Undergrad: 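Encoded as structure tokens, here's the structure I'll be asking about.
Everything numeric here is computed off the predicted structure, so don't read it as measured data. Indexing begins at 1, ligand by ligand and atom by atom, following the structure's order.
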Amino acid sequence: MAEFDLIEIIRARCSVARADVLLGIGDDAAILAPPPGHDLLVSTDTLVAGVHFPPLTTARDLGWKSLAVNLSDLAAMGATPAWALLALTLPEADRTFVDGFAEGFAALAAQHRVALVGGDTTSGPLSVTVVVHGFVPTGRALRRDGAQPGDHVYVTGTLGDAAAGLRCLDRHDPATVALFNAPLDTRESLLERLHRPTPRVAAGAALRDVASACIDVSDGLLADLGHVAVRSGVGIEVDALELPASSALLALFDASERLALQASGGDDYELAFTMSPARAADLLRDLARIGCGATRIGRVVAGAGVRLLDAAGAEIVLDRRGWEHFA
Ligand code: ADP
Ligand code: MG
């Protein structure tokens, strides 16, 4: 297979039509028409084999996840996604792989009406870079820097499932025997969270004008809330007992393992946000309407840093707070 045959497979599969794409795949650059009265938000994320996904990840899951992690960044800013670019580096021109990849990518792109408008296809060690573009009404993007002392801290969905899913794949994990003896659907639900995360796009839009700060949880809750604390110039207290857990996580891990997964496991792609307590009731109702629960997990305080607290208010110190490259 030649480079242009691969590009044609991708183009044919990812065919979301949008009026704001004046010229898509096929020229030296795409021509796009951002809507008036909106800010354009742009973000990119790379997935490298062995670093961001385990070797056994299927092409289909990789296609889905490479777009999902990028849409999650737009969701965290309250943006509505519109366009994507895909830079694909492949060890060989494998038609089956590209077919599967494009299928997974296209399935999520169709859900959010994201048009693939260009990219690059090269040979080398497997790596995927996606660029996404989205819009918010002018001046209304959610940011990390607006948290105020007195705000409450919330998170959507449940935490720790993807990190638990990763452990289900690790043959050397001491918990492996228990994990392998777990009911198949319990394991499957964790692996689904790892391989096919749901970007919280509708929730992000609902948070506009309500949340004071927002971030998506990709590296681990405490690490990511740390970015909010720094950018906002505040401290954050997180109540360990309030962290939301799925029934699969509750079934398979004891309390201390669970806490580590929830507080510092990566790849959740939930939204963590802060808001004034006065806004909470309306927002939680709006989120429930779009099928996305949110749980109050802590508070913003004067000071600096993120502290994880037990029921008595004493600080719990974990071995690690989140994923970091080069650490
Ligand atoms: P150029 O050499 O001018 O950079 P390419 O030959 O790399 O262009 O690509 C031809 C067209 O195919 C361009 O429109 C480019 O955006 C698109 N394209 C290349 N690879 C991909 C890909 N993996 N996904 C989507 N579009 C792609
Ligand atoms: Mg060119």
Undergrad: Does some side-chain heavy atom of Thr58 sit less than 4.5 Å from a side-chain heavy atom of Phe53?
TA: no
Undergrad: What distance separates His133 NE2 from Leu74 CG, expressed to the nearest 0.5 Å?
TA: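 Nearest 0.5 Å value for the NE2-CG distance: 9.5 Å.
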Undergrad: Using a strict 4.0 Å cut-off to heavy atoms of Ile10, name the atoms of ligand 1 that fall inside it.
TA: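 Near Ile10, the atoms of ligand 1 are 23 (N), 24 (N).
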Undergrad: Just go through Val130, Val128, Leu86 and tell me whose heavy atom is the nearest to atom 22 (C) of ligand 1.
TA: Leu86
Undergrad: For Thr96 and Asp99, test the side chains for any donor-to-acceptor distance below 3.5 angstrom and give the result as yes or no.
TA: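 Not at all, the side chains of Thr96 and Asp99 share no donor-acceptor pair under 3.5 Å.
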Undergrad: List ligand 1 atoms under 4.0 Å from Gly118, heavy atoms only on the residue side.
TA: 16 (O), 24 (N), 25 (C), 26 (N), 27 (C)
Undergrad: Could you check whether the rings of Phe273 and Tyr154 sit parallel, tilted or perpendicular, using 30° and 60° as the cut-offs?
TA: parallel
Undergrad: If you count the atoms of ligand 1 from 1 in the order shown, which ones are under 4.0 Å from a heavy atom of Phe4?
TA: 6 (O)
Undergrad: For ligand 1, which atoms have a heavy atom of Asp28 less than 4.0 angstrom away?
TA: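 In order of numbering, the contacting atoms are 3 (O).
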Undergrad: Using the ring pair (Phe, Tyr, Trp, His ring centres under 6.0 Å) criterion, which residues pair with Trp64? Sequence neighbours excluded.
TA: none
Undergrad: Is the closest side-chain donor-acceptor distance between Ser232 and Asp145 under 3.5 Å?
TA: no
Undergrad: Any idea which atoms of ligand 1 are less than 4.0 Å away from a heavy-atom of Ile25?
TA: 12 (O), 14 (O), 17 (C), 25 (C), 26 (N)
Undergrad: Against Val153, only a single residue in Leu221, Leu225, Val228, Val238 fulfils side chain to side chain contact (heavy atoms under 4.5 Å, CB included); can you say which?
TA: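 Exactly one option meets the side chain to side chain contact (heavy atoms under 4.5 Å, CB included) with Val153, and it is Leu225.
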Undergrad: Heavy-atom distance to atom 11 (C) of ligand 1: which of Gly26, Cys14, Ala30 wins?
TA: Gly26
Undergrad: In ligand 1, which numbered atoms sit nearer than 4.0 Å to a non-hydrogen atom of Asp27?
TA: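 What qualifies from ligand 1 is 13 (C), 14 (O).
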Undergrad: Quick check: does any side chain N or O of Asp239 sit under 3.5 Å from a backbone N or O of Leu241, one acting as donor and the other as acceptor?
TA: no
Undergrad: Tell me the contacting part of Ile7 for ligand 1: side chain, backbone, both, or neither, using a 4.0 Å heavy-atom threshold, strictly below.
TA: side chain
Undergrad: Do ligand 1 and Gly119 have nitrogen or oxygen atoms that lie under 3.5 Å from each other?
TA: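 Such a contact does occur with ligand 1.
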Undergrad: Look at atom 7 (O) of ligand 1 and find which of Thr122, Leu6, Asp120 reaches it with the closest heavy atom.
TA: Asp120
